[in-house]
Amino acid sequence: MIAIACDHGAYALKETLKAHLEARGLAYKDFGTYSEASCDYPDFAGPAAEAVAAGECDRGIVLCTTGIGVSITANKVKGIRCALLSDVMSARLTRQHNDTNMMALGAGVVGPMLAMEIVDTWLDTAFEGGRHQRRIDKMMALEQK
């Protein structure tokens, strides 16, 4: 199950990505927003990140106009590793090396076609483990300080 959430600035892209996930046969839970009415992104990105951290959802996708606000919000939740993505190479490497469990996109930065390619790459790339796990363990230990 994939958590997905956005603010008003990325509502149209979220709807495009939901249709794309459905076409791929992937289940998702939509944490809102549900319209283009002005809203506050933490109200939606926060609960999506909490669902991923709790194991209710396996991974999460959060969106706003730049992707910055939702990525910062998601990363405030203990256990979340959210990468702000705008290219396919970073989508692949953040899964292989960082085992990210969430990704953020900026609707004003990437268009629908690139967004779908980034999402597909991120969803389809496995974590490599090995030396990367040691680094993730060190990164996640910072939450305990």
Side-chain angles (χ1 to χ4, degrees), residues 1-133 135-137 139-140 142-143:
M1 175 84 61
I2 300 165
I4 191 165
C6 70
D7 72 352
H8 56 282
Y11 175 75
L13 183 56
K14 182 189 75 165
E15 293 301 302
T16 297
L17 291 177
K18 283 170 43 180
H20 182 68
L21 294 173
E22 287 173 11
R24 287 192 53 175
L26 298 173
Y28 63 84
K29 181 173 182 181
D30 185 350
F31 286 83
T33 193
Y34 306 107
S35 76
E36 292 181 343
S38 182
C39 62
D40 299 329
Y41 55 81
D43 295 339
F44 308 100
E50 289 169 344
V52 173
E56 176 186 334
C57 294
D58 303 308
R59 293 203 220 163
I61 301 168
V62 288
L63 309 97
C64 65
T65 301
T66 63
I68 297 168
V70 291
S71 65
I72 292 170
T73 300
N75 280 313
K76 293 293 183 183
V77 176
K78 187 175 180 179
I80 295 301
R81 290 178 308 284
C82 181
L84 173 55
L85 300 173
S86 59
D87 64 88
V88 174
M89 183 185 79
S90 295
R92 179 176 46 83
L93 290 174
T94 196
R95 285 290 306 134
Q96 289 176 335
H97 296 183
N98 309 121
D99 196 21
T100 49
N101 51 12
M102 293 192 74
M103 61 166 284
L105 289 171
V109 179
V110 299
M113 296 301 289
L114 179 55
M116 287 185 283
E117 188 175 0
I118 290 168
V119 166
D120 286 346
T121 300
W122 185 76
L123 289 173
D124 296 341
T125 301
F127 176 52
E128 289 181 349
R131 69 186 188 279
H132 303 296
Q133 185 61 56
R135 295 166 185 159
I136 291 170
D137 292 344
M139 178 193 323
M140 300 313 287
L142 293 170
E143 291 181 340

Problem - Counterpart residues, side chain to side chain donor-acceptor pair (under 3.5 Å), relative to Asn101 (two or more places apart) - result: none

Fill in the blank from the handout: The side chain to side chain donor-acceptor pair (under 3.5 Å) partners of Tyr11 (sequence neighbours excluded) come to none

Completion exercise
Nearest heavy-atom approach of Leu17 to Ile61 is CD1-CG2, 4.4 Å

Exercise for the section: Any chance you could measure Ser38, atom OG, to His8, atom NE2, to the nearest 0.5 Å? Expected result: 4.0 Å

Problem - salt bridge (Lys or Arg N to Asp or Glu O under 4.0 Å) partners of residues 100-111, not counting sequence neighbours, each pair once - result: none

Practice task
State the OG1-CZ distance between Thr121 and Arg92, to the nearest 0.5 angstrom.
Solution key: 8.5 Å

Problem - Any pair counted as salt bridge (Lys or Arg N to Asp or Glu O under 4.0 Å), so long as it reaches residues 14-39, sequence neighbours left out - result: Lys14-Asp30, Glu15-Lys18, Lys18-Asp30, Arg24-Asp120, Arg24-Asp124, Lys29-Glu56

Handout entry: Pairs flagged by salt bridge (Lys or Arg N to Asp or Glu O under 4.0 Å) wherever residues 41-52 is involved - sequence neighbours left out
Key = none

Problem - Close side-chain approach of Cys57 and Ile2, heavy atoms under 4.5 Å - result: no

Practice task
Looking only at non-hydrogen atoms, find the nearest pair between Leu105 and Ala115 and report the distance.
Solution key: CD1-CB, 3.9 Å

Problem - Spacing of OH belonging to Tyr41 relative to CD1 belonging to Ile72, to within rounding of 0.5 Å - result: 6.5 Å

Completion exercise
Of all heavy-atom pairs linking Cys64 and Gly67, the shortest is SG-N, 3.1 Å

Fill in the blank from the handout: By side chain to side chain contact (heavy atoms under 4.5 Å, CB included), Ala45 pairs with (sequence neighbours left out) Val62, Val70, Thr73

Exercise for the section: Please round to the nearest 0.5 Å and tell me the distance separating atom CG of Leu21 and atom OG1 of Thr16. Expected result: 11.0 Å

Give the table of side-chain donor-acceptor pairs shorter than 3.5 Å for residues 78-89, with sequence neighbours excluded, one pair per line with atom names and distance.
{"from": "Arg81", "atom 1": "NE", "to": "Asn98", "atom 2": "O", "distance (Å)": "3.1"}
{"from": "Arg81", "atom 1": "NE", "to": "Asp99", "atom 2": "O", "distance (Å)": "3.3"}
{"from": "Arg81", "atom 1": "NH2", "to": "Asp99", "atom 2": "O", "distance (Å)": "2.7"}
{"from": "Asp87", "atom 1": "OD1", "to": "Met89", "atom 2": "N", "distance (Å)": "3.2"}
{"from": "Asp87", "atom 1": "OD1", "to": "Ser90", "atom 2": "N", "distance (Å)": "2.7"}
{"from": "Asp87", "atom 1": "OD1", "to": "Ser90", "atom 2": "OG", "distance (Å)": "3.0"}
{"from": "Asp87", "atom 1": "OD2", "to": "Ser90", "atom 2": "OG", "distance (Å)": "3.0"}

Practice task
Specify the closest pair of heavy atoms between Phe31 and Ala5, including all atoms of both residues, with the distance to one decimal.
Solution key: CB-CB, 3.9 Å

Exercise for the section: Return the minimal non-hydrogen interatomic distance between Val77 and Ala53, and the atom names on each side. Expected result: CG1-CB, 3.8 Å

Completion exercise
Sorted by chain and residue number, the side chain to side chain donor-acceptor pair (under 3.5 Å) partners of Thr100 (sequence neighbours excluded) come out as Trp122

Exercise for the section: Under the side chain to side chain contact (heavy atoms under 4.5 Å, CB included) rule, collect the residues that match up with His97, sequence neighbours excluded. Expected result: Leu93, Glu128, His132

Handout entry: Any residue meeting ring pair (Phe, Tyr, Trp, His ring centres under 6.0 Å) with His20, in chain and number order, not counting sequence neighbours
Key = none

Problem - Heavy-atom pair with the smallest gap, counting every atom of Ser71 and Ala104 - result: CB-CB, 3.7 Å

Fill in the blank from the handout: Residue pairs meeting ring-ring contact (aromatic ring centres under 6.0 Å, His included), one or both in residues 46-65, sequence neighbours left out, come to none

Practice task
Scan residues 45-82 for pairs that pass ring-ring contact (aromatic ring centres under 6.0 Å, His included), counting only residues two or more places apart or in two chains.
Solution key: none

